[in-house]
Enquirer: 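This structure is in structure tokens; I'll ask about it shortly.
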Amino acid sequence: QDYPRLQLTTHLNGAKVYKKLVDLLTEGDEHIKWAETKEKKEETYAGYLNDLTYVWEYAERERDYGLATRCMLIESSIYSLASNIPPHLLAELAKTGRWNYARCLSMIQQKSDDNDRSESLKLIVDDLPAILVQEALNIAKEIKDVPHRITALATVAPHLSESLEEQVLQEALSAALELKQEFDRFGALATLIPHLDERLRQLIIQEALTTAGRISWEVHHCHRLATL
């Protein structure tokens, strides 16, 4: 019963039946039936977005800029839908069981705002089934904004195996030390310090304090310094 949903677009693309493929994946004004069918069954638009890459590739090969623009608008609309769900609501949907955690992670991945991605992961990671922790890590690593990526990595790291946790924290620490803006570097180091082993923690506390000494502090920022 699921075979057409899972394989139809792959077969159409492989057989180069592009007219049917384009119609299937882009036909419709406000509603694209194929997208809605997949989302209803899979509880995520990720599968549909993967299908849509076939049309993207076809449009690029044919230099069909109208079709490429159509794909861009569809994709942007889906990402906008994800971005409109605030982190606290996403967490509530998961914790009350109205959405499963796989669906929530898919929605987080589709968010365009890096702060929203990081905050959403922070709010649900403690309750994630172990099988989904690696997916949460992958999403954290995809965050482009470095301070937000570091926060997300620090959030996910305690839920990993000991060896992988150490590897992820080292990756986050290296990224933090490379930050050029003093305040961003201090904030990233302060985020990581509680997760480090004692030896490394003392070294990074000193680095954070040195960084803090070069910052022009406002009163409402000083509480972060006091936690070190």
Side-chain angles (χ1 to χ4, degrees), residues 1-13 21 24-56 70-145 148-161 164-165 168:
Q1 186 178 356
D2 288 340
Y3 187 80
R5 174 174 56 82
L6 297 173
Q7 302 297 334
L8 178 58
T9 54
T10 301
H11 286 319
L12 290 175
N13 186 64
L21 185 66
L24 179 69
L25 293 173
T26 67
E27 193 175 64
D29 295 323
E30 294 185 6
H31 304 283
I32 298 173
K33 190 172 180 180
W34 183 255
E36 293 184 345
T37 299
K38 293 204 74 166
E39 192 278 334
K40 184 176 181 180
K41 185 70 176 179
E42 300 170 4
E43 297 189 329
T44 172
Y45 283 104
Y48 171 74
L49 290 171
N50 286 336
D51 289 346
L52 193 63
T53 59
Y54 292 136
V55 180
W56 270 105
R70 171 69 172 153
C71 291
M72 179 185 68
L73 291 173
I74 292 170
E75 194 171 271
S76 296
S77 177
I78 291 173
Y79 288 143
S80 176
L81 176 65
S83 296
N84 286 336
I85 303 176
H88 69 273
L89 176 56
L90 197 64
E92 189 65 21
L93 288 169
K95 289 175 181 178
T96 58
R98 298 186 70 176
W99 282 13
N100 63 47
Y101 281 97
R103 182 179 186 182
C104 289
L105 284 177
S106 177
M107 196 62 72
I108 292 170
Q109 189 171 31
Q110 292 165 31
K111 284 179 172 290
S112 57
D113 184 277
D114 285 340
N115 180 56
D116 266 14
R117 279 186 170 192
S118 180
E119 185 64 18
S120 297
L121 284 174
K122 179 180 177 181
L123 291 174
I124 72 167
V125 70
D126 288 343
D127 300 309
L128 278 181
I131 196 171
L132 294 177
V133 173
Q134 180 62 51
E135 187 174 346
L137 176 60
N138 293 341
I139 293 171
K141 288 186 173 185
E142 290 173 358
I143 294 175
K144 292 183 174 62
D145 179 85
H148 289 315
R149 182 168 74 246
I150 290 168
T151 299
L153 291 173
T155 295
V156 176
H159 302 275
L160 303 169
S161 65
L164 187 53
E165 178 184 9
V168 167

Enquirer: Is there a side-chain contact between I32 and L25 in this structure, where contact means two heavy atoms from C-beta onward sitting under 4.5 Å apart?
Expert: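 No; the side chains remain at least 4.5 Å from each other.
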Enquirer: Checking the side chain of R149 only, and the main-chain atoms of I143 only, is there a donor and an acceptor separated by less than 3.5 Å?
Expert: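 Checked: pair present.
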Enquirer: Starting at OG of S112, measure out to NZ of K144 and round the result to the nearest 0.5 Å.
Expert: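 The OG atom of S112 sits 10.5 Å away from the NZ atom of K144.
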Enquirer: Dump the intermediate steps for side-chain contact (heavy atoms from CB on, under 4.5 Å) on V133 and V125, then the final yes or no.
Expert: CA-CA 8 Å; V133 173; V125 70; 5.7 Å; no
Enquirer: In Å, rounded to the nearest 0.5 Å, how long is the span from NE2 of H11 to CG of N13?
Expert: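 Rounded to the nearest 0.5 Å, the NE2-CG separation comes to 11.5 Å.
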Enquirer: Quick one: closest heavy-atom pair of M107 and W99, and the distance?
Expert: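 For M107 and W99, the tightest heavy-atom pair comes out as CE-CH2, 3.8 Å.
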Enquirer: Between atom CD of E135 and atom CG of L121, what is the distance when rounded to the nearest 0.5 Å?
Expert: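 CG of L121 is found 10.0 Å from CD of E135.
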Enquirer: Is the backbone N or O of A102 less than 3.5 Å from a side-chain atom of S106, with the two atoms forming a donor-acceptor pair by type?
Expert: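 Judged by distance alone, no pair lies under 3.5 Å.
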Enquirer: Could you tell me whether the side chain of S77 and the main chain of L73 form a donor-acceptor pair under 3.5 Å?
Expert: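 Checked: no pair found.
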Enquirer: Taking E92's backbone N and O only, do any of them form a donor-acceptor pair with T96's side chain (distance below 3.5 Å, no angle check)?
Expert: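 Checked: pair present.
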Enquirer: Just how far is it from atom NE2 of H88 to atom NZ of K95, taken to the nearest 0.5 Å?
Expert: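 With rounding to 0.5 Å, NE2 (H88) is 12.0 Å from NZ (K95).
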Enquirer: What heavy-atom pair brings L24 and W34 nearest, and what distance separates the two atoms?
Expert: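 Shortest heavy-atom contact: O-CB, 3.2 Å.
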Enquirer: Salt bridge or not between E39 and R103? Use side-chain N to carboxylate O under 4.0 Å.
Expert: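 Yes.
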Enquirer: Between the main-chain N or O of N50 and the side-chain N or O of T53, is there a donor-acceptor pair closer than 3.5 Å?
Expert: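 Flag set: sc T53 to bb N50 pair under 3.5 Å.
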Enquirer: Can you tell if the side chain of T26 reaches within under 4.5 Å of the side chain of V55, non-hydrogen atoms only?
Expert: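 Side-chain contact under 4.5 Å: yes.
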Enquirer: Locate the shortest heavy-atom distance separating L52 from C71; write the atom from each residue and the value.
Expert: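 Closest approach of L52 to C71, heavy atoms only: CD2-O, 3.9 Å.
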Enquirer: What distance do Y101 atom OH and I108 atom CD1 have between them, rounded to the nearest 0.5 Å?
Expert: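 Here the rounded value is 10.5 Å.
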Enquirer: Between Y54 and T10, does any side-chain donor sit less than 3.5 Å from a side-chain acceptor?
Expert: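 On atom types as modelled, these side chains qualify, holding a pair under 3.5 Å.
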Enquirer: Does either side chain, that of N138 or that of E142, offer a donor lying less than 3.5 Å from an acceptor on the other one?
Expert: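 The criterion, which ignores hydrogens and geometry beyond distance, is not satisfied for E142 and N138.
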Enquirer: Given the rule in the side-chain contact (heavy atoms from CB on, under 4.5 Å) test, do L49 and E75 qualify, once you have shown the distances and angles that lead to the verdict?
Expert: CA-CA 7 Å; L49 290 171; E75 194 171 271; 4.0 Å; yes
Enquirer: Would L90 and K111 satisfy side-chain contact (heavy atoms from CB on, under 4.5 Å), going step by step from the backbone distance to the final call?
Expert: CA-CA 12 Å; L90 197 64; K111 284 179 172 290; 4.2 Å; yes
Enquirer: Can you check side-chain contact (heavy atoms from CB on, under 4.5 Å) on Y48 and T37, steps first, answer last?
Expert: CA-CA 9 Å; Y48 171 74; T37 299; over 6 Å; no
Enquirer: So, D145 and R117, do they make that salt bridge, N to O below 4.0 Å?
Expert: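 Salt bridge between D145 and R117, a charged N being under 4.0 Å from a carboxylate O: no.
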Enquirer: Taking all non-hydrogen atoms of both residues, which atom of A136 and which atom of L128 are closest, and how far apart?
Expert: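 In terms of heavy atoms, the two residues are closest at CB-CD1, 3.6 Å.
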Enquirer: Using 0.5 Å steps for rounding, measure from the CD1 atom of I85 to the CG atom of D116.
Expert: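 With rounding to 0.5 Å, CD1 (I85) is 10.5 Å from CG (D116).
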Enquirer: Give the table of side-chain donor-acceptor pairs shorter than 3.5 Å for residues 151-159, with sequence neighbours excluded, one pair per line with atom names and distance.
Expert:
unit_1	atom_1	unit_2	atom_2	d
T151	OG1	P147	O	3.1
T155	OG1	T151	O	2.9
H159	NE2	D126	OD1	3.0

